[in-house]
There are 2 protein chains.
Amino acid sequence: MDLEPTKIPQATAKRLPLYYRFLNNLHSQGKMRVSSKELSDAVKVDSATIRRDFSYFGALGKKGYGYNVEYLLSFFRKTLDQDETTDVALIGVGNLGTAFLNYNFTKNNNTKIKIAFDASEERVGTEVGGVKVEHIDDLEEKMGDLTVAILTVPANAAQGIADRLVKAGVSGILNFTPARISVPHHVRVHHIDLAIELQALVYFLKHYPLEDEEF
Amino acid sequence: MDLEPTKIPQATAKRLPLYYRFLNNLHSQGKMRVSSKELSDAVKVDSATIRRDFSYFGALGKKGYGYNVEYLLSFFRKTLDQDETTDVALIGVGNLGTAFLNYNFTKNNNTKIKIAFDASEERVGTEVGGVKVEHIDDLEEKMGDLTVAILTVPANAAQGIADRLVKAGVSGILNFTPARISVPHHVRVHHIDLAIELQALVYFLKHYPLEDEEF
DNA sequence: TGGAAGTCGTTAAATCCTTCACATAGGAAC
DNA sequence: GTTCCTATGTGAAGGATTTAACGACTTCCA
Ligand SMILES: NC(=O)c1ccc[n+]([C@@H]2O[C@H](COP(=O)([O-])OP(=O)(O)OC[C@H]3O[C@@H](n4cnc5c(N)ncnc54)[C@H](O)[C@@H]3O)[C@@H](O)[C@H]2O)c1
Ligand SMILES: NC(=O)c1ccc[n+]([C@@H]2O[C@H](COP(=O)([O-])OP(=O)(O)OC[C@H]3O[C@@H](n4cnc5c(N)ncnc54)[C@H](O)[C@@H]3O)[C@@H](O)[C@H]2O)c1
């Protein structure tokens, strides 16, 4: 296969959506060209890293000139499949789940929450952020061919729901619960552990004082 | 200074709160000892990585035995300063901010949202999750000596608020807005960009198919 | 008591990622 | 056209992190 260069480092892949978003900003501001240095200031990524990242896709820029915003944008649009929208499901319409539903991920973004599930009778049947809340019992029946799910249920329900999601054909889970879930090898789970992020920030502040270098 | 071993890799530091949480779970389940292998299954981190992480703090375990849960726990409690609570401020009581306020970060956790700010007259004066919402105009006056802030305002307000936070003495910001904010060198910003996390997951699913290895 | 089984701590290798530094291509100026 | 200048693309170096591998020491059981 290998239509795509395949060898793009994961670290680079994680930065692509960020580049894409800022290129969009520049474009809507009417900017025609941009240098790795300018982009660096905007996204706070070293300019050499940006050039290296771009270079994995070939020579996208011109020496002595920089990058053409429109060209770069259309290139990334294809690369990131921004043409087609990816629909995702959300499980657990509580505090976090409600926030996500109310937020429109679709701005500058090719992902959209298409369906939501909850166990609480009070929630089921209501509509949040334009998405109808279904009963968790109907998960298998109503998932259709969605392959990505956002998990915002209580931690103790996480593994059970994950198992059902996998059986229903899901291959990617964005897990916001503190539970570390077990899934088959072909399923990808990304953990976003907000409590840990906060603790880690505090730890770094106390133990890794930033020097006022470069002054 | 170097009271602490100082040379702990950042990657290790980020895993410490995770270890701490799971050790707490084990402890409350009455488990007395644990091996790096067991812990590995629970937190989904390679057992060699766990042993290496722990070894930065000295010899915490016993060969042929494993680790004493209680000892490990009390060690990490000190290391992570779990005795003292760190108070943080939250700016922007919207969808996300409300979710965070309603969530009790304090379980298993030494951080607590102590004060919240918003610009909307409707919000100011109300109480969310037991925290009173102050007016953003009173930020400087009411921050006291808090040094950590969670930023959940609209993207276009992010830089302005960040500047004010820094002037008010904040040295750590957990930034949930898509804006990449600029701060002085002595201030640490951690970005949590939910839209990008979702896009990155989708990108990985499409371009990095997981092989069903080991079967 | 002795030997087998288990698990740590660590050395060394492998992998992955970032940054430096500069030759070189191409635009801009005139 | 010719020259100057700028910013790319990349080879090489440098860091950081993960993983493999194994010697050493402990427990546990016969
Ligand atoms: N809210 C936060 O700020 C925050 C921060 C860090 C972590 N988290 C984690 O995110 C997750 C969700 O947090 P929250 O604050 O939204 O919790 P919540 O209790 O407000 O929401 C959970 C929702 O899941 C539903 N639910 C429960 N069991 C279910 C099941 N079996 N199937 C389907 N739905 C079910 C509940 O009805 C509820 O609506 C939790 O695991 C929490 O630990 C939340
Ligand atoms: N909700 C989500 O799921 C989600 C997902 C991804 C990113 N985000 C980002 O997180 C941020 C917050 O999102 P949200 O959905 O909670 O937005 P929101 O609009 O619901 O909340 C923003 C809150 O900030 C307040 N505010 C506005 N300007 C302010 C100012 N100058 N000072 C203080 N408060 C001010 C508003 O009154 C409002 O209550 C946004 O930047 C958004 O892009 C949110």
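Because the structure is a prediction, the values reported are computed rather than measured. Letters go in sequence order (proteins before strands), and every chain restarts at 1.
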Could you tell me whether Lys44(B) atom NZ has more than 12 heavy atoms of other residues or ligands within 6.0 Å of it? yes

Is the NZ atom of Lys206(B) crowded by more than 12 outside heavy atoms at less than 6.0 Å? yes

Nucleotide interval of DNA chain D bounded by contacts with chain B (heavy-atom cut-off, under 4.0 Å): dT17(D) to dC28(D)

A side-chain contact here means heavy atoms from C-beta on lying under 4.5 Å apart; do Leu165(B) and Leu139(B) qualify? yes

Plane angle bin for Tyr19(B) and Phe54(B) - parallel if under 30°, tilted between 30 and 60°, otherwise perpendicular: perpendicular

Quick one: side chains of residues 146-162 of chain B, donor-acceptor pairs under 3.5 Å with protein atoms, not counting sequence neighbours, listed by atom name and distance.
{"from": "Thr152(B)", "atom 1": "OG1", "to": "Ile91(B)", "atom 2": "O", "distance (Å)": "3.1"}
{"from": "Thr152(B)", "atom 1": "OG1", "to": "Gly92(B)", "atom 2": "O", "distance (Å)": "2.7"}
{"from": "Gln159(B)", "atom 1": "OE1", "to": "Ser182(B)", "atom 2": "N", "distance (Å)": "2.8"}
{"from": "Gln159(B)", "atom 1": "NE2", "to": "Asp163(B)", "atom 2": "OD1", "distance (Å)": "2.8"}
{"from": "Gln159(B)", "atom 1": "NE2", "to": "Ser182(B)", "atom 2": "O", "distance (Å)": "3.0"}

Footprint ends on DNA chain C, 5' to 3', for atoms under 4.0 angstrom from a heavy atom of chain A, come out as dC17(C) to dA28(C)

Would you indicate what Ser36(B) reaches in the nucleic acid, counting non-hydrogen atoms under 4.0 angstrom: base, sugar-phosphate, or nothing? sugar-phosphate

So Phe54(A), base contact, sugar-phosphate only, or nothing? Heavy-atom distance under 4.0 Å. nothing

Are any of the side-chain nitrogens in Arg52(B) or Asp46(B) under 4.0 Å away from the carboxylate oxygens of its partner? no

In terms of the nearest nucleotide of DNA chain C, which residue is placed more toward the 5' end: Gly61(B) or Arg33(A)? Gly61(B)

If you assign Gln10(A) and Gly58(B) each to the DNA chain C nucleotide with the nearest heavy atom, which residue ends up on the more 5' nucleotide? Gly58(B)

Would you say the side-chain atoms of Asn110(B) pair up with the backbone N or O of Asp81(B), donor to acceptor, closer than 3.5 Å? yes

Would a distance-only check, ignoring hydrogens and angles, find a side-chain to backbone donor-acceptor pair under 3.5 Å from Arg15(B) to Val45(B)? no

Name the residue closer to the 5' end of DNA chain D, choosing between Arg51(A) and Gly64(A) according to the nucleotide with the nearest heavy atom. Gly64(A)

